[in-house]
2 protein chains.
Amino acid sequence: MSTPRQSRADRRRATEARILDSARELFAEKGFERTTIRAVAAAAGVDPALVMQYFGSKRKLFGQAVQALPTPLPTTDADELVDQLLASLGLKLGGLPEGTLAMMRSMLTDQAAADHVRAALGRQIDSVGAALPDPDHPELRAALVVTALLGVTIGHQLLGLAALREAPADHIAALLRPAIKALAGPSG
Amino acid sequence: MSTPRQSRADRRRATEARILDSARELFAEKGFERTTIRAVAAAAGVDPALVMQYFGSKRKLFGQAVQALPTPLPTTDADELVDQLLASLGLKLGGLPEGTLAMMRSMLTDQAAADHVRAALGRQIDSVGAALPDPDHPELRAALVVTALLGVTIGHQLLGLAALREAPADHIAALLRPAIKALAGPSG
DNA sequence: CAATTCACTCTACAGCCGTTGACCGAACTT
DNA sequence: AAGTTCGGTCAACGGCTGTAGAGTGAATTG
């Protein structure tokens with residue numbers, strides 16, 4: 001056979017992607033500490049040493065597997081701002097990208113993940129604060145908006161609270177909207 | 001000397017308390033996984049084997065060190081309800097008891113802690129839902145109230161977001177109150 | 001004062017972890 | 001067809017973990 005069933009580069013790309021997928025899934029399910037390289041390798045049908053060879057270390061694998069939390073581009077329109085925030089925290093559409101879930105799952109026990117999330121939330125708070133009309137304490141109000149939504153996301157995606165899982169996403173969004181507006185400022 | 005400087009029972013109680021204090025502190029700071037029995041023992045000035053001897057296992061030590069998340073007794077008065085919720089999540093007064101912090105720190109990566117927190121939040125959601133006037137979806141509204149406050153607490157106590165740390169607690173409470181009322185129902 | 005209890009320490013085991021380096025065989029190159 | 005590259009495996013290391021059991025010496029008891 002002069003034509004191999006699969007080119008070397010193709011195989012390489014495919015297994016690398018398989019490893020990243022398994023890593024994302026396990027990091028999202030168990031967090032950084034409790035996810036072992038051996039488990040990722042087994043889920044990808046591969047030797048643990050290969051994971052090291054491709055990604056260098058568990059930390060670097062984590063870094064490649066997760067994605068940065070998206071910072072929304074807030075508009076000055078309050079309604080649109082609410083929608084963007086809800087979407088960025090996975091409360092609308094099909095949920096968060098798995099890499100983001102992995103990052104959030106690890107943020108309370110892993111220093112690096114905590115730093116990353118803190119920075120991302122800080123950026124989000126800043127931009128939300130800048131987009132608020134101009135009430136008394138825009139920064140604090142923005143922080144409350146973002147962290148309140150973070151809590152709903154945690155309860156929904158990470159803790160799996162029944163009361164939230166059973167509710168349709170746009171229903172949740174509809175109930176949250178007036179509360180967020182109340183937080184954003186007295187003028188609405 | 002017929003009078004020992006310290007009775008055996010006293011010493012026992014004292015070191016047991018010292019171990020529990022160290023455990024609470026470390027579990028709150030690092031979570032369940034990253035806290036080692038050796039570290040707890042070292043912080044308490046004691047041999048690791050003694051910790052095992054007194055508490056049986058790391059899991060049981062964790063169980064003794066953390067406390068159940070308090071379930072507030074909600075009144076039918078909305079203002080009082082808000083205050084009770086804020087207090088129960090550490091947003092007023094001197095903050096959460098350390099055992100609760102430890103539990104929250106571990107809730108995203110430890111199955112037992114997750115179950116415990118889920119149950120505690122579920123109870124809180126039920127009682128809050130029962131206390132709401134009677135809007136369209138009391139259970140869902142209650143879940144959103146509780147998880148939103150959970151998020152603020154996480155951002156404040158666990159992530160240490162600057163925008164929240166710098167704000168006085170009663171100021172935060174004042175801003176949150178109208179938002180919670182908006183969540184609780186259209187009637188206020 | 002002799003005997004016993006018990007708070008506490010020492011030493012060690014077995015298992016899992018991240019990580020490494022030697023190795024193999026199939027895909028490429030010349 | 002011979003030589004090289006490289007995706008992938010195998011076996012092993014050192015370190016850290018939770019945990020167990022034997023031992024020690026001071027407080028207690030009779």
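The chains referred to below are lettered A, B, ... by the order of the sequence lines, with proteins before strands, and numbering in each begins at 1.
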**Request:** Applying salt bridge (Lys or Arg N to Asp or Glu O under 4.0 Å), name anything that partners Arg165(A), two or more places apart in sequence or on another chain.
**Result:** none

**Item:** Ionic contact status for Asp10(A) with Arg13(A), cut-off 4.0 Å
**Value:** yes

**Fill in**
Between CG of Leu50(B) and C1' of dC6(C) the distance, given in whole Å, is 11 Å

**Request:** Between Arg8(B) and Asp47(B), name the one whose nearest nucleotide on DNA chain D is closer to the 5' end.
**Result:** Asp47(B)

**Message:** One thing to verify: whether Arg118(A) and Asp115(A) come together as a salt bridge, which I'm taking to mean a side-chain N less than 4.0 angstrom from a carboxylate O.
**Reply:** yes

**Request:** At under 4.0 Å between heavy atoms, which parts of nucleotides 12-19 of chain D does protein reach? Answer with one letter per nucleotide, 5' to 3': B base, S sugar-phosphate only, - none.
**Result:** B----BBB

**Message:** A cation-pi test, strictly: NZ or CZ of Arg12(B) under 6.0 Å from the centre of the six-membered ring of Tyr54(B) and no more than 45 degrees from its axis. Yes or no?
**Reply:** yes

**Item:** Positions of residues 9-16 of chain A (non-hydrogen atom under 4.0 Å from DNA chain D), listed by number
**Value:** Arg11(A), Arg12(A), Thr15(A)

**Asked** Taking atom P of dT11(C) as reference, at what distance in whole Å does atom CD of Gln53(B) sit?
**Response** 17 Å

**Prompt:** Quick check: are there more than 12 heavy atoms from other residues, nucleotides or ligands sitting under 6.0 Å from NZ of Lys58(A)?
**Reply:** yes

**Fill in**
Closest non-hydrogen contact found for Thr35(B) with Lys30(B) is OG1-CB, 3.7 Å

**Request:** Give a yes or no on whether a salt bridge exists between Arg59(B) and Asp110(B), defined as a side-chain N under 4.0 angstrom from a carboxylate O.
**Result:** yes

**Message:** Could you check whether Arg18(A) pairs with Asp21(A) (Lys NZ or Arg NE/NH1/NH2 to Asp/Glu carboxylate O, under 4.0 Å)?
**Reply:** no

**Prompt:** Between dT9(C), dT28(D), dG8(D), which nucleotide gets closest to the side-chain atoms of Val46(B)?
**Reply:** dT9(C)

